[in-house]
Trainee: 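I'd like to ask some things about the structure below.
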Amino acid sequence: MAKRSLLVPSAISYRTHCPINSHFATHPHTLLNPMLKKLLFSSSNFTHFRPNSPLKFRPILFIPSSSLNRPTRVFSMAEKDRTFTTSTSHQNKHTNRLASEHSPYLLQHAHNPVNWYPWGVEAFEEARKRDVPIFLSIGYSTCHWCHVMEVESFEDDGVAKLLNDWFVSIKVDREERPDVDKVYMTYVQALYGGGGWPLSVFLSPDLKPLMGGTYFPPDDKHGRPGFKTILRKVKEAWESKKDVLVKSGAFAIEQLSEALSISKLSDKLSEEISQSALLECTKSLAESYDPKYGGFGSAPKFPRPSEPQAIIYQSKKLMESGKTGEAEKHIKMVSFSLQCMARGGVHDHVGGGFHRYSVDECWHVPHFEKMLYDQGQLANVYLDVFSITKDVFYSCVARDILDYLKRDMIGDKGEIFSAEDADSAESENPTKKKEGAFYVWTTTEIEDVVGEYASLFKEHYYIKNSGNCDLSSMSDPHNEFKGKNVLIERKSASEMASKLGMPLENYQEILGVSRKKLFDARSKRPRPHLDDKVIVSWNGLVISSFARASKILKTEPEGTKSNFPVAGTNPQEYMEVAKKALNFIKENLYNPQSRRLQHSFRNGPSKAPGFLDDYAFLISGLLDVYEHGGEISWLSWAVELQETQDEVFLDKTGGGYFNTTGEDESVLLRVKEDHDGAEPSGNSVSAINLARLASMFTGTRSDRYRQNAEHLLAVFEKRLKEAPVAVPLMCCAADMLTIPSKKQVVLVGKKPSPEMERMLVSAHASYDPNKTVIHVDPSDEEEMGFWKEKNPNVAAMAKSSFVTDNVVALVCRDFACKAPVTDPKSLEALLLSGKA
């Protein structure tokens, strides 16, 4: 195919890891192919746009001068702090089509003067009828700079008039339609080196991208063009160079589609890469490790859970091969990082759970939104480290996260909500929203609320009259938190208690009581917005952590005490939370006739179908629920969903899974994603799911699972070889498939029973990601029927090993088993010894 020049008459870019050099600024026709290579072989963390954050990201605007081929580059920046005034005067003055939508993000814009449309045929037909471009704005309800752009531009009557007269304006919630977001984010990232939210893209009426960017301030300032100027320039370009723009957009999509249509070159990942990918990934992570503050890389620090998960996995391999010293070094990197995170301000000490990321290197000042996907993954990492170290510090943090979710993020029917906003109204000025307002404290507030032990509390959490956001030059460069304090523990509780000559238990109790007082006082403040949308994929991540906690936390030493915000929950309650969430999804977001999922729910199911991540993450959660004691029906549903996933998303010739069904013609790209970022990729999780399912079954079913996993990994061979650090979980999956014989622990006995519960706890007491736990009650006809059909070996073992008043444990390799064990402690010791 002949290569055509891609003309970029106007392009705005939000830079993350791939800056555009000056050559591309003046030679746009050379931009596409190099940036496509960067897209395919580099990793980026997307975040919403923060003009005054220490990230120093800048949008770039190419404005046409005398010719479309000779743009000039102008930097556009809004010098704003993280405070903005909410508008109440326009709430009832305007109502647009978004008022009938379910998405919290779309409803936030339902009373803008902009004549917004939701993504759909009505908007597309209107743009074609009027022959005008589409302005597409993508964000999410807890995105700070999405709120800012709304207040500055979308609530402004003058801006609204320009948008209404010259464009058809469409609003998309990226969490509700990740498929639409992926298309236009990929375009912006590929062409301009990065992306972020709010995402602002101009499209032709047939949905081809013309130009795009992120956040724009409303007005020109200091020689920098504002949003109104950009709208005028786009209108002028459309009227004078429409054909060029349309051809450019079509060519861009064509090139992206071609570049992203990767297929396997062989049926199996090469043995060399299978064995080296995890090692190279963890080597790269070790090189980026911060020994002073923990974590990997520099500020801003994101808790990317797949990184510690890969290191923990590698430490297990090193331990098994006798390299104890190296294994301990790996665990120390992870454990120290988790300690620093838990003691930092990125952790909500008063209410539990974790904020999105830290703007500084010391995990102190966070971006304050709380996302469900972070909570689920982080809880699992803390559970893993507790399983290895048996240090209750880590189990306590896992409880902290899960108890926060249980208290604040779960609906009446068991559904688990998506996020809490970073912004909230200030108590003294309800019309003014500010990032972190709900979470920060003045010294006076601490003293008034805590009372008797205020001095102890202030020293422990580094509380200062002038404010404590001074630990790094990146913490608060614009003095937004002057006089405010973000709680951080600079020294451990044991060190502080020793300094005061106080028993540690008493010291921790005082802190817990003080935190409860602050929690009660904070509850009277205006709360951040709760996004009560239910997303299947994110629920899957959290269902996994609740299920695992139900057994792992039962190995805490007897008498372990909890202090607020940890509630001291009976671990078995966590399993009930997981099952209720599953029941909600099955009843509201699953069609048993078609065996398909819907993506999300709020006041009813969304229009969007389930995506790859929904299936993969939910299957993972279902496997964890079953393996940690759930009913056989959950395993049966996991098998059924895997069949649907293979039918709908699997590239049966090229290998791997597409992110969408490909049935929606308005979604122009269908891609195979691999990057394990803030969320793991659907392909990485699918590879692990397939490895787990292959270990659970035998015969052609097991072979099919394994073959699909091998084909998937072969698709991403180049990534695993050249940039394994971008795909930590996929590296783990590649290693799983190299293990010659898989370990199964088969528990046979009456269910439910205290004896089976004790055996399940012992089976999960030690960390082993390559262990499969199967439990079967020979007196249960449904279970026996399932295993007779799908793995006769298990049915035969259950029949021959059943003892009426006891539970028998069989530790097997590819279902060839050792002598039966009937004592939970003996099972635990056998699995821990590594001789199983």
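Hydrogens, waters and symmetry mates are skipped; everything else that's a heavy atom, side chains included, is used.
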Trainee: Show your working on side-chain hydrogen bond (donor to acceptor under 3.5 Å, both in side chains) between Lys742 and Asn770 and close with a plain yes or no.
Mentor: CA-CA 7 Å; Lys742 299 289 285 185; Asn770 287 299; 3.1 Å; yes
Trainee: Tell me whether Arg177 is salt-bridged to Asp664, with the criterion being a basic N under 4.0 Å from an acidic carboxylate O.
Mentor: yes
Trainee: Are any of the side-chain heavy atoms of Glu717 and Ser266 separated by less than 4.5 Å?
Mentor: yes
Trainee: Within 45° of the ring axis of Trp119 and under 6.0 Å from its six-membered ring centre, is that where the NZ or CZ of Lys171 lies?
Mentor: no
Trainee: Does Leu612 reach the side chain of Asn683, with side-chain heavy atoms less than 4.5 Å apart?
Mentor: yes
Trainee: Give the minimum heavy-atom separation between Ile410 and Leu405, together with the two atoms involved.
Mentor: CG1-O, 3.3 Å
Trainee: How close do Phe296 and Ile311 get, heavy atom to heavy atom, and via which atoms?
Mentor: CZ-CD1, 3.2 Å
Trainee: Donor-acceptor pair, Ser257 side chain versus Glu254 backbone, under 3.5 Å?
Mentor: no
Trainee: I'd like to know if Lys533 pairs up with Asp173 as an ion pair, taking the criterion as any Lys NZ or Arg NE/NH1/NH2 lying under 4.0 Å from an Asp or Glu carboxylate oxygen.
Mentor: yes
Trainee: Do any N or O atoms from the side chain of Asp614 and from the backbone of Phe611 form a donor-acceptor pair under 3.5 angstrom?
Mentor: yes
Trainee: Salt bridge or not for Glu307 and Arg304, using N-O below 4.0 Å?
Mentor: yes
Trainee: Look only at the side chain of His347 and the backbone of Ala342, and say whether a donor-acceptor pair between them is shorter than 3.5 Å.
Mentor: yes
Trainee: Can you confirm whether Asp613 sits close enough to Asn659 that some side-chain heavy atom of one is under 4.5 Å from a side-chain heavy atom of the other?
Mentor: no
Trainee: Dump the intermediate steps for side-chain contact (heavy atoms from CB on, under 4.5 Å) on Lys743 and Asp768, then the final yes or no.
Mentor: CA-CA 10 Å; Lys743 183 191 300 180; Asp768 186 351; 2.8 Å; yes
Trainee: Could you go step by step and tell me if Leu597 and Ile585 meet the side-chain contact (heavy atoms from CB on, under 4.5 Å) rule?
Mentor: CA-CA 9 Å; Leu597 293 165; Ile585 292 169; 4.2 Å; yes
Trainee: Are the ring centres of His144 and His367 closer than 6.0 Å?
Mentor: no
Trainee: Which atom names give the shortest non-hydrogen contact between Ala608 and Gln598, and what distance separates them?
Mentor: O-NE2, 3.2 Å
Trainee: Less than 4.5 Å apart, side chain to side chain, heavy atoms only: is that true for Glu369 and His355?
Mentor: no
Trainee: How about Val397 and Leu338: do any of their side-chain heavy atoms sit closer than 4.5 Å?
Mentor: no
Trainee: With side chains defined as the heavy atoms from C-beta onward, is the minimum distance between Phe617 and Pro680 less than 4.5 Å?
Mentor: yes
Trainee: Do Leu207 and Leu136 have side chains that approach each other closer than 4.5 Å (heavy atoms only, starting at C-beta)?
Mentor: no
Trainee: Could you point out which residue of Asp179, Leu589, Val536, Ile535 forms a side-chain contact (heavy atoms from CB on, under 4.5 Å) with His599?
Mentor: Ile535
Trainee: Given side-chain contact (heavy atoms from CB on, under 4.5 Å), test Thr644 with Phe649 step by step and report yes or no.
Mentor: CA-CA 8 Å; Thr644 302; Phe649 300 96; 6.0 Å; no
Trainee: Distance only, no hydrogens: is a donor on one side chain within 3.5 Å (strictly under) of an acceptor on the other, for Asn539 and Ser537?
Mentor: no
Trainee: Starting at CD1 of Ile273, measure out to CG of Leu720 and round the result to the nearest 0.5 Å.
Mentor: 7.0 Å
Trainee: At what distance, to the nearest 0.5 angstrom, does SG of Cys731 lie from CZ of Arg719?
Mentor: 10.5 Å
Trainee: State whether the side chain of Glu627 and the backbone N or O of Val773 hold a donor-acceptor pair below 3.5 Å, judged by distance alone.
Mentor: yes
Trainee: Fit a plane to each ring of Phe546 and Tyr574, take the angle between them on a 0 to 90° scale, and name the class: parallel (under 30°), tilted (30 to 60°) or perpendicular (over 60°).
Mentor: tilted
Trainee: Within a radius of less than 6.0 Å around NZ of Lys721, do more than 12 heavy atoms belonging to other residues, nucleotides or ligands occur?
Mentor: no
Trainee: What is the minimum heavy-atom distance between Val346 and Met341, and which atoms define it?
Mentor: CG1-O, 3.5 Å
Trainee: Could you measure the distance from the CG atom of Asp735 to the CE atom of Met730? Nearest 0.5 Å is fine.
Mentor: 14.5 Å
Trainee: Assert yes or no for the condition that the ring centre distance of Tyr357 to Phe302 is strictly below 6.0 Å.
Mentor: yes
Trainee: Can I get a per-line list of side-chain donor-acceptor pairs under 3.5 Å for residues 373-381, giving both atom names and the distance, sequence neighbours left out?
Mentor:
| unit_1 | atom_1 | unit_2 | atom_2 | d |
| --- | --- | --- | --- | --- |
| Asp374 | OD1 | Arg356 | NH2 | 3.0 |
| Asp374 | OD2 | Arg356 | NE | 2.7 |
| Asp374 | OD2 | Arg356 | NH2 | 3.4 |
| Gln375 | OE1 | Phe354 | N | 3.0 |
| Gln375 | NE2 | Phe354 | O | 2.7 |
| Gln375 | NE2 | Met371 | O | 3.3 |
| Gln377 | NE2 | Tyr373 | O | 3.0 |
| Gln377 | NE2 | Ala678 | O | 2.8 |
| Asn380 | OD1 | Arg548 | NH1 | 2.8 |
| Asn380 | ND2 | Ser544 | OG | 3.2 |

Trainee: Are any of the side-chain nitrogens in Arg596 or Glu663 under 4.0 Å away from the carboxylate oxygens of its partner?
Mentor: yes
Trainee: A side-chain contact here means heavy atoms from C-beta on lying under 4.5 Å apart; do His675 and Ser684 qualify?
Mentor: no
Trainee: Can you list the steps and then say if Trp538 with Glu175 is a side-chain hydrogen bond (donor to acceptor under 3.5 Å, both in side chains)?
Mentor: CA-CA 10 Å; Trp538 297 2; Glu175 295 168 355; over 6 Å; no
Trainee: Under 3.5 Å, is there a donor-acceptor pair between the side chain of Ser695 and the main chain of Arg692?
Mentor: no
Trainee: Would you name the heavy atoms of Asp421 and Cys143 that are closest together and state the gap between them?
Mentor: OD1-N, 4.4 Å
Trainee: Give a yes or no on whether a salt bridge exists between Arg701 and Glu643, defined as a side-chain N under 4.0 angstrom from a carboxylate O.
Mentor: yes
Trainee: Hey, does the side chain of His102 reach the backbone of Arg602 with a donor-acceptor pair shorter than 3.5 angstrom?
Mentor: yes
Trainee: Salt bridge check: are Lys301 and Asp290 linked by an N-O gap of less than 4.0 Å?
Mentor: yes
Trainee: At what distance, to the nearest 0.5 angstrom, does CG of Asp532 lie from CD1 of Ile416?
Mentor: 13.5 Å
Trainee: Tell me whether Lys607 at atom NZ has more than 12 heavy atoms from other residues, nucleotides or ligands lying less than 6.0 Å away.
Mentor: no
Trainee: Identify the two heavy atoms, one from Pro209 and one from Leu203, that lie closest to each other, and give their separation to 0.1 Å.
Mentor: CA-CD2, 3.8 Å
Trainee: Could you check whether any side-chain N or O of Thr214 sits under 3.5 Å from a backbone N or O of Trp197, counting only pairs where one atom can act as donor and the other as acceptor?
Mentor: no
Trainee: Looking at NZ of Lys182 and CZ of Arg670, how far apart are the two atoms once the value is rounded to the nearest 0.5 Å?
Mentor: 14.5 Å
Trainee: Would you say that more than 12 heavy atoms from the other residues, nucleotides or ligands in this model lie under 6.0 Å from the CG of Leu265, or not?
Mentor: no
Trainee: Just by distance, do the side chain of Lys652 and the backbone of Asp646 share a donor-acceptor pair under 3.5 Å?
Mentor: yes
Trainee: Is the ring pair Phe336/Tyr289 parallel, tilted or perpendicular, if the boundaries are 30 and 60 degrees?
Mentor: perpendicular
Trainee: Please report the interatomic distance CG(Leu635) to CD1(Ile619), rounded to the nearest 0.5 Å.
Mentor: 11.0 Å
Trainee: Kindly say whether Ala616 contributes a backbone atom to a donor-acceptor pair with the side chain of Ser620 at under 3.5 angstrom?
Mentor: no
Trainee: Please determine whether a side-chain nitrogen of the Lys or Arg among Glu287 and Lys283 lies less than 4.0 Å from a carboxylate oxygen of the Asp or Glu.
Mentor: no
Trainee: Counting only N and O atoms by type, is there a donor-acceptor contact under 3.5 Å from the side chain of Asp531 to the main-chain atoms of Ser418?
Mentor: no
